[in-house]
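Here the structure is a predicted model, which means the values were calculated and not measured.
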Amino acid sequence: MKLSLKPHHLKRYKDIAMLFWKYGSTDLAKEFANEDSGDEKKLLAAKSGRPAPEELADDLEKMGPTYIKFGQLLSSRPDLLPESYLKALARLQDKVKPFPYEQVEEIIGSELGFRISKAFSSFDEKHLAAASLGQVHRAALRDGRPVVVKVQRPEIRKQIAEDFEVLEEIASFFDEHTDIGRRYRFGKILAEFKSSILQELDYQREASNLTTLANNLKDFPHLLVPLPVPDYSSRSVLTMDYVSGTKITALSPIAQLDINGDVLAEELFKAYLKQVLIDGFFHADPHPGNIFLTDDGRVALLDLGMTGRLSSRMQENLLRLLLAISEGNGDDAVKIILNISETTDDFDEAEFSKKAAEFVSEQRNQTLNRQNVGKALMEVSRTAAQTGLYVPTELTLLGKTLLQLEEVGKTLCPQFDTNASVRRNVAEIMTTRMRKAATPGNMFGKFLEMKDFVGGLPGRVNKILDAVGNSDLEINVNTPDAHHLLSGFEKIANRVTIGILLAALIMGAALMMRINSSFQIFGYPGIAMICFLIATGGSAWLIIGILWKDYQDKRKRKE
C-alpha cells in the first residue's frame, strides 16, 4: 500500500524517503517512492554504506526549521534512536542564514505598530544570532536600557504547517501499517512535537515563561533570568533584557579558574530540582548554548521557548524516582516507572524489570565522574521502549534536561556529583512541598471534604445497621477469573466422584462373585461380570482422559 502523494508535498516526501533509505529503513523508504518515475532506482543508487550519525544532523539541517527542531526533539528520545545518534543530534545547531534587515523592520512595524526609530534609541542592523525560527538583534530602549529583540522569520508558520501535513500523514501510515509504528505511536509523538513547536512560535508565551521563571528563582542570588519588555513584545517579536556575558561552552580554562564553580553548579542544580519537584514548571532546554556566565559571575538561563509542566502527582513520582536512582535502588525505581507508564500488548515486564533494575543498581558502584542521573533516566526509557513499555513524555524530557544540566555542571565544576546533590537537597524539597500543600486554600478544601465525610457518616452507619438487622446486607465480591477457578474445581470433583463409583462397582462385583446364579458369563455370575466390565471400561476411559489432558497441557507450555 502506497501513500497518496499530494503534488505540493512531493519534494518533502522524496526528502524523507531519502532519509529512510540512507539510514537503513529501505522497506519504509519504498512506501514513499514513486515506482513509475524511477525513484526507487535513485534511492538504491544513493544507498552506499552506512552513514555516520553526524550526517543525520546535517541532513535535517538542510531540510529546514521544522526538521532542525525535530532533530533536537529526537535527541531526547533514547527509545527511538541509538545513543550514537542521540549524541550527534544533541550537537545539532539551528544556525541558519539570516533574513534581511528590511524584513526585520517590516515585521516589527506590523507587529508592534510603530517604526524601529520611534521605539529604540539604537538598533543594530547586523544580527546577534540567527536560528531556525527567528533571529536576534541588539538594541536599546529610549531610556537607555540595553535589550535584545528576537524577531520571528517571515512565513515560518506557513512553512511549518505544510511540513506537519506531510509528517502527520506519514506518522498515521506508520501507526496503521507497521509494527514499529504501533509500538512507538509515532502519531502521538508527532502531536507532542507539534504542540511544543507551536508554543515555541508564540513569543508572548515565552515572555510569560521568562517572567514566571524569574519569579520562581528569585531566591537564588547566583542565577539570572532576563525579563521581557511587554510593551515591545508580541506573538512574533520578543524584546527582553540584554545579558552581557559568555557562553558556558566558550569559557577558557583560565576563566574557569576565576569562577566559584562548585557554588554555581550546586545552586543551578538545586534550582532545577525546585523547578521540577516544587514549581512543576521548568526550563526544558538547558544545553550549554543557552547558559551564559555573566560579567558579574552569575549564571543566566536563556531561551524559554521549550518548557515542561508537571502535575502534582507526577512531581511526587519523579521525586521518588530520582531518589531511587541516586541511591542505586533499582527495584524501587522499576516499581515507580511501572506505576506511571502504559503497557503495550507485547510488554515483557520480567525483561524490563531485570534490565532497568540492573542499570539503576550499577549507579551505586560508579565512580564520581561516571555517575549520571539524566543518563540513567534515558537508559531506562530506552529499555522501556525495547520491552514494550510506553513511559510518559515528562520522563524522557526530564532525562534530557538533567543530562544537559549535568554537562553544564561538569563544565562549571568537574567534581560536581549530581547524585549527592539530589540527596543533599531532598529534605528541603520535601519540607517545601509540604509547606506548599498546606496553603489556606488547600487546607480549606480538605476541611470541606472532612466536613462532608463526618456529616454523612451517621446516615451511612444507620443504613448499614438497618440492613444487618433486617438481614438485607449483601456483600458482592468480584474475583478475577472466578469462572475458570470454579470450572477447575468441578472437573476435579467429577473425576473423584467417577473414581469412587468405579471402585464401588469393583467391590460389588467381587462380593457378588460368591452368589450362585443361573445367569452366567464365562462361567461366572452374570451380574457380577457386567459390573466388573463396566468398572474396567470406566477406569480405562478415566486413565486415558487424564493422560491426554496432561499431554495437551505439556504441549501448550512448550509452544
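- T307 has its side chain out of reach of L213: every pair of non-hydrogen atoms, C-beta onward, lies at least 4.5 Å apart.
- Of all heavy-atom pairs spanning A300 and V243, the tightest one is CB-CG1, 3.8 Å.
- L301 approaches Q275 most closely through the heavy-atom pair CD1-NE2, 4.5 Å.
- The shortest side-chain heavy-atom distance between F220 and L268 does not fall under the 4.5 Å cut-off.
- No side-chain heavy atom of E342 sits under 4.5 Å from any side-chain heavy atom of P392.
- With salt bridges taken as basic N to acidic carboxylate O contacts below 4.0 Å, none links E55 and K62.
- Of the possible polar contacts, none joining the S208 side chain to the Q204 backbone as a donor-acceptor pair under 3.5 Å is found.
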For this session: Report the C-alpha separation of L224 and F292 in whole Å, then their side-chain angles, then the decisive distance to 0.1 Å, and conclude whether the side-chain contact (heavy atoms from CB on, under 4.5 Å) test is met.
Result: CA-CA 9 Å; L224 171 68; F292 269 51; over 6 Å; no
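- Closest of all the heavy-atom pairs between I336 and N317 is CG2-O, 3.5 Å.
- The side-chain hydrogen bond (donor to acceptor under 3.5 Å, both in side chains) search around S172 returns E176, not counting sequence neighbours.
- Taken to the nearest 0.5 Å, the CZ atom of F347 stands 8.0 Å off from the OG atom of S341.
- N216 and T212 form no side-chain donor-acceptor contact under 3.5 Å, judged by distance and modelled atom types alone.
- Few gaps surround CG on D262; more than 12 heavy atoms of other groups in view lie less than 6.0 Å from it.
- Considering only heavy atoms from C-beta on, I337 comes within 4.5 Å of V380 through its side chain.
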For this session: Would you please test L56 and Y85 for side-chain contact (heavy atoms from CB on, under 4.5 Å) and show each step?
Result: CA-CA 8 Å; L56 178 58; Y85 283 87; 3.6 Å; yes
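- When all heavy atoms of R298 and L223 are compared, the closest pair comes out as NH1-O, 4.4 Å.
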For this session: Carefully, step by step, assess L322 and L273 under the rule side-chain contact (heavy atoms from CB on, under 4.5 Å).
Result: CA-CA 10 Å; L322 288 176; L273 291 177; 4.3 Å; yes
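- The two residues T401 and H283 come nearest to each other via the heavy atoms CG2-O, 3.7 Å.
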For this session: Could you please spell out the steps behind the side chain to side chain donor-acceptor pair (under 3.5 Å) verdict for N425 and S421?
Result: CA-CA 6 Å; N425 293 292; S421 182; 3.3 Å; yes
Exercise. How far apart are the C-alpha atoms of S195 and E192, what are their side-chain angles, what is the distance that settles it, and do they pass the side-chain contact (heavy atoms from CB on, under 4.5 Å) test?
Worked result: CA-CA 5 Å; S195 175; E192 293 169 353; 5.8 Å; no
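- Note: K335 NZ to N329 CG = 8.5 Å, rounded to the nearest 0.5 Å.
- One finds no salt bridge joining E266 and K270 here, because no Lys/Arg side-chain nitrogen approaches an Asp/Glu carboxylate oxygen to under 4.0 Å.
- F281 has its side chain out of reach of V276: every pair of non-hydrogen atoms, C-beta onward, lies at least 4.5 Å apart.
- Salt bridge annotation for D332-R320: absent, with no cationic side-chain nitrogen under 4.0 angstrom from a carboxylate oxygen.
- Residues L389 and L338 have side chains in contact (heavy-atom distance under 4.5 Å, counting atoms from C-beta outward).
- How far NZ of K355 is from CD of E358: 9.5 Å, rounded to the nearest 0.5 Å.
- A donor-acceptor contact shorter than 3.5 Å is absent between the side chain of S353 and the backbone of A350.
- By the 4.5 Å heavy-atom criterion applied to side chains, V263 and L412 are not counted as neighbours.
- Put simply, the side chain of L403 does not reach to within 4.5 Å of the side chain of E407, judged on heavy atoms.
- Between the side chain of D175 and the backbone N or O of F186 there is at least one donor-acceptor pair closer than 3.5 Å.
- Contact between P286 and Q404 at its shortest, heavy atoms only, is CD-OE1, 3.1 Å.
- Taken from CD in E206 to CG in D303, the straight-line distance is 5.5 Å, to the nearest 0.5 Å.
- Among pairs with a residue in residues 281-293, those fulfilling salt bridge (Lys or Arg N to Asp or Glu O under 4.0 Å) read D285-K400, at least two apart in sequence or across chains.
- Taking the six-membered ring for Trp and the full ring otherwise, the centers of F70 and F193 sit less than 6.0 Å from each other.
- Atom-to-atom distance recorded for I197:CD1 and D202:CG is 13.0 Å, nearest 0.5 angstrom.
- Ion pairing between E200 and R205 fails under the 4.0 Å rule for side-chain N and carboxylate O.
- Aromatic pair F416/F269: centroids less than 6.0 angstrom apart.
- Electrostatic pairing of E379 and R382 counts as a salt bridge here, judged by a charged N lying under 4.0 Å from a carboxylate O.
- Going from atom CG of L405 over to atom CG of L398 covers 10.0 Å, rounded to the nearest 0.5 Å.
- Between E394 and R309, none of the side-chain N atoms (NZ, or NE/NH1/NH2) sits under 4.0 Å from a carboxylate O, so this pair counts as no salt bridge.
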